[in-house]
Undergrad: 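Below you will find the structure I want to go over with you.
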Amino acid sequence: MKGPTRLAFAALGAVMGLMAGAAVAQDPVTIGYSIARTGIYAAAAPSQENSYKLWQTQVNAEGGLLLPGGERRPVEFVSYDDQSNPANTVRIYEKLITQDKVDLLAAPWGTPMHLALAPVLQRFKMPMVGNTAASVQLRTVAPGYIWFPTSAIPDAMGAELAKMMKANGVTSAALLANELPYSQEFRSFLIPALEEAGIEVKVDESYPPDIKDMTSMLVQVRDAAPDAVVAMTYPADAFLFAGQAKELGLKAPFVLSLIGPTIDAYRKANGTAVNGIVSSAHWSAQADKWPKGRPFFDAYVSAFGEEPDALDSALSYMSMEILQQAVAKAGLDPEALREAIATGSFDTINGEVRFEGVQNVVTPTGFVQIQDGKIELVWPESVKTADYAPKQGW
Amino acid sequence: MRLGSALWIALAGFGAAVPFFGSTYLMGVVFQVAMWIALAQSWSMLSATTGYLSLGHAVFYGVGAYVCVLLTGIIPFEFAILAAAGSAALFAALIGLPVLRVRGPYFVILTYGLSELVRHVVMRIESALGSFGRMIFDVPAQEVLLWWMVGLAVLATLGAYAIRHSRFGAGLAAIREDEVAAQTIGVPVTRLKLLAFIASAAIPGAVGGLALLRTSYFEPAQAFDPVISFTIVTMALVGGTDSVRGPILGAMGFALLSELLWSTLPQLYMIVLGLTLIVFVLFVPRGLSGLVGRIGGAR
């Protein structure tokens with residue numbers, strides 16, 4: 001028993017010694033975050049963490065994070081697995097702030113994690129720019145130490161989608177919704193918006209998150225023959241929906257799948273079958289309006305061998321750009337940084353971002369469509385990179 | 001035994017005193033450990049004594065959390081916690097009679113299935129109400145929640161101890177050994193089982209309420225997460241089910257180990273945790289409690 005224990009301690013000592021050595025050599029800026037490496041959100045997290053890593057590589061290649069005095073310091077991440085559990089997220093950020101004493105914070109993945117964190121940030125007066133969170137509930141968060149750059153908020157999305165459908169001649173729709181909160185929230189705002197736009201809802205079904213077979217629901221949809229199918233999917237069931245809709249040969253010209261289609265693997269797995277699918281995002285690499293977008297896209301592809309997710313990867317990268325610009329102006333002092341984020345205007349891959357309260361008030365709510373395997377912004381008119389085209393079979 | 005009791009009292013005292021000298025992080029750890037002790041100990045009131053292995057204790061935790069989130073802001077939080085415990089106990093009383101009719105693997109499956117059923121029902125109710133996760137503002141201070149949780153751990157331990165050393169506990173043990181024989185000699189098996197079920201449900205209800213206030217965010221899929229049930233059973237088995245100290249040792253050992261691992265080996269901790277579990281199941285079948293007993297005996 002003694003031999004192995006001693007060996008283990010010796011090894012641990014050596015590792016800690018190395019880590020301490022590295023810390024002394026340069027004085028890095030530490031940025032802490034938790035991420036869902038395991039659990040139900042694990043599939044979605046890499047698109048976020050990759051953006052963080054890309055940003056870190058780029059900043060360090062420039063000589064480090066720029067501080068107000070012109071000094072540059074390298075960036076180092078401290079991260080933990082939150083197991084897709086908001087209770088763990090709370091404890092991890094408390095540890096990051098009080099034990100690890102990180103200089104800055106980056107956001108975890110998902111709405112529940114962000115919402116659970118708001119009181120913690122308030123308590124320790126540590127600012128954090130959020131990213132992968134979207135819910136009308138964000139507006140109930142007291143403004144202070146957290147901000148949400150997304151414009152994919154369900155109430156605005158419901159209204160915009162109904163407008164877009166009406167503009168493209170849709171008169172009837174079938175709705176399929178995952179039971180998870182984001183889908184249900186979107187559904188609750190979409191139904192009245194459709195009614196108002198005079199679009200008839202022919203099918204309205206909800207399904208459990210771990211669904212394995214959608215055949216019976218899709219047969220019902222096929223028989224109702226609506227102009228539009230709005231599938232309020234999460235990434236896992238987005239794949240199932242695409243596969244089975246193709247098998248059953250859904251004919252509707254307007255097909256939306258809420259979360260999933262913007263992930264690179266979705267297009268790789270489904271090929272040309274998913275051309276024409278509409279999805280939720282407010283960024284596209286194709287947009288000339290946002291000159292930073294294309295370089296980000298290319299750098300991401302060369303670093304990870306896959307395209308960034310137009311929603312999560314883009315938002316995550318934006319959140320780091322905002323943090324970077326705020327630090328360059330205000331430094332690392334939490335109060336000064338909070339002030340800089342709350343009042344500043346930021347130049348990101350998605351254009352200008354400015355916050356009023358907790359929300360980004362510049363980026364318009366949009367929808368994208370897969371066209372020839374590319375993600376094109378097709379709504380709204382002011383930012384679109386291509387015209388919406390009805391789906392031509394699977 | 002006396003030394004043992006002193007040790008446990010010192011431990012509870014340490015937990016309650018942490019806010020005066022410990023960091024926020026340490027308070028978080030103690031809260032977590034106390035929470036798992038309370039849950040594992042409550043579970044043992046039914047499952048260790050009668051041998052009816054419940055794989056659905058997350059349902060009581062979830063019911064408690066749900067009741068608490070509905071009542072917070074309407075009544076003071078202390079009463080919301082009590083209501084959470086009461087509702088979980090009431091729920092156990094309502095479902096107890098039919099559920100406790102089945103035994104062995106069927107009981108395990110039924111409790112698990114029931115917990116999943118309630119989870120989906122609450123998800124549907126919430127989405128029908130147009131609520132998509134609920135936030136709580138103005139939660140009590142962290143130390144107050146910590147004291148409540150340590151109190152619940154102590155209460156659960158005392159409860160488990162009292163049950164094991166009472167006539168009630170003897171009746172439950174008789175059920176575990178041979179239910180038919182117990183019934184034949186006049187043990188009121190149905191009543192005893194139901195009481196044990198209710199007793200083991202109340203504290204998890206309160207724990208669910210407190211954990212909710214700590215996270216300040218309610219979402220049904222998280223509150224009724226089956227992983228909670230699995231973790232409770234794992235901890236009780238790692239600790240050993242044939243004494244009151246078993247669940248404490250199991251919960252402490254497991255919670256501290258997982259804390260140590262995720263914070264020091266963030267990339268590897270799940271693998272290490274899994275290996276530890278396999279080693280325990282294969283080589284330490286009587287759990288930590290049995291191991292401690294054996295070392296003590298050898299001395």
Side-chain angles (χ1 to χ4, degrees), chain A residues 12 15-16 34-35 37-40 78-100 111-120 122-124 135-138 140-142 154 177-189 206 208-210, chain B residues 22-29 31-32 35 65 116 119-139 141-142 208 210-223 225-228 231 258-259 261-271 273:
Chain A
L12 194 68
V15 170
M16 285 169 81
S34 88
I35 196 127
R37 291 204 178 90
T38 55
I40 53 170
V78 182
S79 68
Y80 301 102
D81 175 19
D82 61 31
Q83 302 169 300
S84 307
N85 182 342
N88 291 345
T89 311
V90 167
R91 293 167 49 222
I92 288 171
Y93 279 79
E94 284 174 356
K95 180 177 190 308
L96 286 169
I97 297 168
T98 64
Q99 292 293 109
D100 303 333
T111 307
M113 317 314 186
H114 280 75
L115 293 180
L117 268 186
V120 177
Q122 192 77 40
R123 181 146 45 93
F124 292 102
S135 164
V136 286
Q137 284 203 78
L138 301 179
T140 62
V141 175
N178 190 314
E179 278 172 0
L180 287 171
Y182 185 63
S183 300
Q184 290 297 326
E185 190 174 330
F186 180 48
R187 175 179 162 273
S188 75
F189 288 104
S206 289
D210 49 358
Chain B
S23 65
T24 311
Y25 172 63
L26 186 63
M27 276 164 66
V29 174
F31 183 88
Q32 201 71 9
M35 173 177 111
E116 286 293 279
R119 177 163 77 111
H120 284 279
V121 167
V122 173
M123 279 165 79
R124 273 300 174 94
I125 292 174
E126 285 289 278
S127 71
L129 289 175
S131 145
F132 315 98
R134 294 166 185 264
M135 292 186 71
I136 299 180
F137 299 98
D138 301 325
V139 291
Q142 207 189 340
L210 279 174
L212 168 91
L213 291 174
R214 165 103 171 97
T215 314
S216 67
Y217 181 76
F218 173 86
E219 205 232 295
Q222 305 283 351
D225 190 350
V227 173
I228 298 167
T231 310
S258 106
E259 191 75 29
L261 288 175
W262 77 248
S263 58
T264 53
L265 297 171
Q267 314 287 342
L268 285 177
Y269 84 95
M270 282 302 252
I271 297 169
L273 212 55

Undergrad: Using non-hydrogen atoms only, which part of B:Arg134 is less than 4.5 Å away from chain A: side chain, backbone, both, or neither?
TA: backbone
Undergrad: Any sub-3.5 Å donor-acceptor pair from B:Ser216's side-chain atoms to B:Leu212's backbone N or O?
TA: no
Undergrad: Tell me if a side-chain donor or acceptor on A:Thr38 pairs with a main-chain N or O of A:Ser84 at a distance below 3.5 Å.
TA: no
Undergrad: Sort A:Ile97 into side chain, backbone, both or neither according to what part of it lies under 4.5 angstrom from a heavy atom of chain B.
TA: neither
Undergrad: Counting only heavy atoms closer than 4.5 Å, note whether B:Glu126 contacts chain A via side chain, backbone, both or neither.
TA: neither
Undergrad: Among A:Gln83, A:Gln137, A:Arg187, which has the most heavy-atom pairs under 4.5 Å with chain B?
TA: A:Gln137
Undergrad: Does A:Tyr182 use its side chain to pair, donor to acceptor, with the backbone of A:Pro154 at less than 3.5 Å?
TA: no
Undergrad: Identify whether the distance between the nearest side-chain nitrogen and carboxylate oxygen of A:Arg91 and A:Glu94 falls below 4.0 Å.
TA: no
Undergrad: Side chain, backbone, both or neither: which part of A:Glu185 has a heavy atom under 4.5 Å from chain B?
TA: both
Undergrad: Who wins among A:Ser188, A:Ala116, A:Pro112 for the most heavy-atom pairs under 4.5 Å with chain B?
TA: A:Pro112
Undergrad: Which is it for A:Phe124 and A:Thr98 under the side-chain contact (heavy atoms from CB on, under 4.5 Å) test, yes or no, and what are the steps along the way?
TA: CA-CA 9 Å; A:Phe124 292 102; A:Thr98 64; 3.5 Å; yes
Undergrad: By a 4.5 Å heavy-atom criterion (distance strictly below it), what part of B:Met135 contacts chain A: side chain, backbone, both, or neither?
TA: both
Undergrad: Under the 3.5 angstrom rule, does the side chain of A:Asn178 hit a backbone N or O of A:Ser183 as a donor-acceptor pair?
TA: no
Undergrad: Using non-hydrogen atoms only, which part of B:Tyr217 is less than 4.5 Å away from chain A: side chain, backbone, both, or neither?
TA: side chain
